[in-house]
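One structure is given below, encoded as structure tokens.
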Amino acid sequence: MNVYDSGKIAACLVRLGYQQTGMLEIADLVIVNTCTIRAKAEQKAFSFLGRLARLKTKKPGLIIGVGGCVAQQEGEKILRRVPQVDLVFGTQAIERLSLLIPKIEDKRCRIVDVGLMEKPDLPDAVPDRLIDDPVSAFVTIMRGCDNFCTYCVVPHVRGREASRHPDRIIKEIGDLVQSGVKEVTLLGQNVNSYGKKEGLCSFANLLSRVNSIDGLLRIRFTTSHPKDFGSDVIKAFKTYEKVCDHIHLPVQSGSDRILDRMNRKYTRALYLDKISELRDNCSAIAITSDIIVGFPGETEADFAETLDLINTIQFDGLFAFVYSDRPNAPAVHFKNKISEDEKRKRLQAVLALQENVTRMKNQALVGSVQPILVEGVSQKQSSGRCKRPLTTAQWTGRTPTNKIVNFYHTDSRQRRADIFPGKIVRTRIEEAYAHSLWGEPVGLKSTTGGLKGEESYAA
């Protein structure tokens with residue numbers, strides 16, 4: 001969602017007459033779009049602001065703006081902590097940048113705009129929103145959250161849940177496809193509750209409409225909350241051919257006691273039922289999740305239940321984090337905090353267990369042929385045994401299950417059908433690594449089929 005918002009911010013600045021630069025030292029204006037979901041992200045933001053403050057002493061005319069969740073959370077405190085900052089704008093103020101920036105340019109004033117509306121109007125995306133990836137794009141379908149998990153600051157910095165009208169979403173995706181985008185990821189803090197408050201269509205119905213957009217090849221979405229993850233969405237993986245065989249379904253803990261303290265509103269048994277139903281409907285489904293270790297009061301027995309859940313489900317991948325106190329989140333006041341050393345120990349245990357599972361999952365794909373949506377030329381050469389001259393381009397893309405696949409294209413017989421971003425290439429998996437796969441093309445397809453790997457192509 002921050003990537004999506006950053007694209008809107010950049011497009012707004014371009015309309016004001018600015019041009020993007022990759023050289024920080026020559027910039028006239030720098031916007032820092034921040035995250036506060038974990039303490040480390042907030043610390044990194046202030047560290048970067050310190051660097052900008054030093055730069056401003058050499059270039060007094062530099063305008064520094066801070067946006068996003070840290071800006072929403074800290075407000076005027078940022079101006080006191082970093083006096084060189086000119087603008088602090090919250091998560092609902094992006095659309096007002098076109099008014100705020102000129103005021104600072106003209107009057108050299110300092111502005112704070114962090115108001116949150118109970119029922120915010122969700123404007124359409126900027127038509128010329130800058131997109132770094134020409135193949136894939138994020139599309140926000142809703143903002144905010146009503147769940148109030150006890151560890152989470154999102155409802156306090158993103159506001160209450162609000163959904164965009166489906167017609168506006170479909171139009172935005174249609175425009176993106178017209179510009180060359182082949183894959184979209186639908187974004188929301190809890191996409192499964194899309195439209196419920198406003199009486200709009202269900203999320204499953206929205207998926208149906210997006211699935212019917214001509215020229216779009218793949219649909220992904222994040223994030224899903226297990227308590228609202230219903231059978232209608234689960235069946236979408238089987239019903240709609242463009243919905244990719246991958247779901248990110250955060251579980252956070254394997255202990256019912258900790259899930260209750262987190263206010264997650266589901267049990268371990270319910271989560272396992274959802275996983276079983278997913279695999280019954282889509283045997284190829286790849287499942288990833290989030291885990292928080294060291295939540296206040298988490299005992300060794302609670303943590304053992306989390307390890308057991310990971311081992312039982314066999315996730316394709318995990319994002320694991322140590323718990324950190326966040327301002328305004330109720331868990332800040334919980335007793336029985338876990339020591340930093342113990343949290344790091346538990347994190348390493350989770351990561352070690354998951355690494356073995358991920359390697360096994362990746363190894364099981366060796367020998368299979370996967371449809372890869374080409375994203376572009378890889379930024380680094382493969383570290384595996386499949387070496388090629390440095391003059392040969394190494395391409396990268398993803399399977400429908402969201403596995404990264406790198407490959408070379410050197411067959412002169414296929415030069416007439418050059419590989420390009422947005423093309424689906426049938427690729428035989430030859431090597432499996434911890435975080436990626438290596439493959440060799442076995443056939444090329446220039447049309448828009450082959451989304452889930454049903455068709456076969458001649459080598």
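As a basis for the values below, the full set of heavy atoms in this structure was taken, side chains included, without hydrogen atoms, waters or symmetry mates.
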Exercise for the section: Quick one: pull up OG1 in Thr222 and CZ in Phe138 and give me the separation to the nearest 0.5 Å. Expected result: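 Answer rounded to 0.5 Å: 9.0 Å.
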
Between [X] and [Y], do the side chains contain an N or O donor and an N or O acceptor separated by less than 3.5 Å?
X	Y	value
Ser208	Asn205	no
Arg268	Ser255	no
Gln73	Glu42	yes
Arg264	Tyr151	yes
Ser253	Glu298	no

Exercise for the section: Give a yes or no on whether the ring-centroid distance for Phe148 and His156 is below 6.0 angstrom. Expected result: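 Yes, the ring centres sit under 6.0 Å apart.
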
Problem - Ring centroid separation Tyr408 to Trp438 under 6.0 Å - result: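 Here the rings of Trp438 and Tyr408 have centres that are less than 6.0 Å from each other.
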
Check [Y] with [X], please: is the shortest side-chain N to carboxylate O separation under 4.0 Å?
X	Y	result
Glu342	Arg346	yes
Glu95	Lys8	yes
Lys274	Glu277	no
Arg257	Glu305	no
Asp5	Arg143	yes
Asp316	Lys403	yes
Asp175	Lys171	yes

Problem - Verdict with reasoning, Phe221 to Phe203, per ring-ring contact (aromatic ring centres under 6.0 Å, His included) - result: CA-CA 10 Å; Phe221 56 86; Phe203 181 56; 5.0 Å; yes

Exercise for the section: On the 0 to 90° scale, with breaks at 30° and 60°, tag the Phe319-Phe321 ring pair as parallel, tilted or perpendicular. Expected result: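 It falls in the parallel class, under 30°.
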
Can you give each donor-acceptor pair under 3.5 Å made by side-chain atoms of residues 363-374, sequence neighbours left out, with the distance rounded to 0.1 Å?
residue: Ser368; atom: OG; partner: Leu365; partner atom: O; Å: 2.6
residue: Ser368; atom: OG; partner: Gln370; partner atom: NE2; Å: 3.0

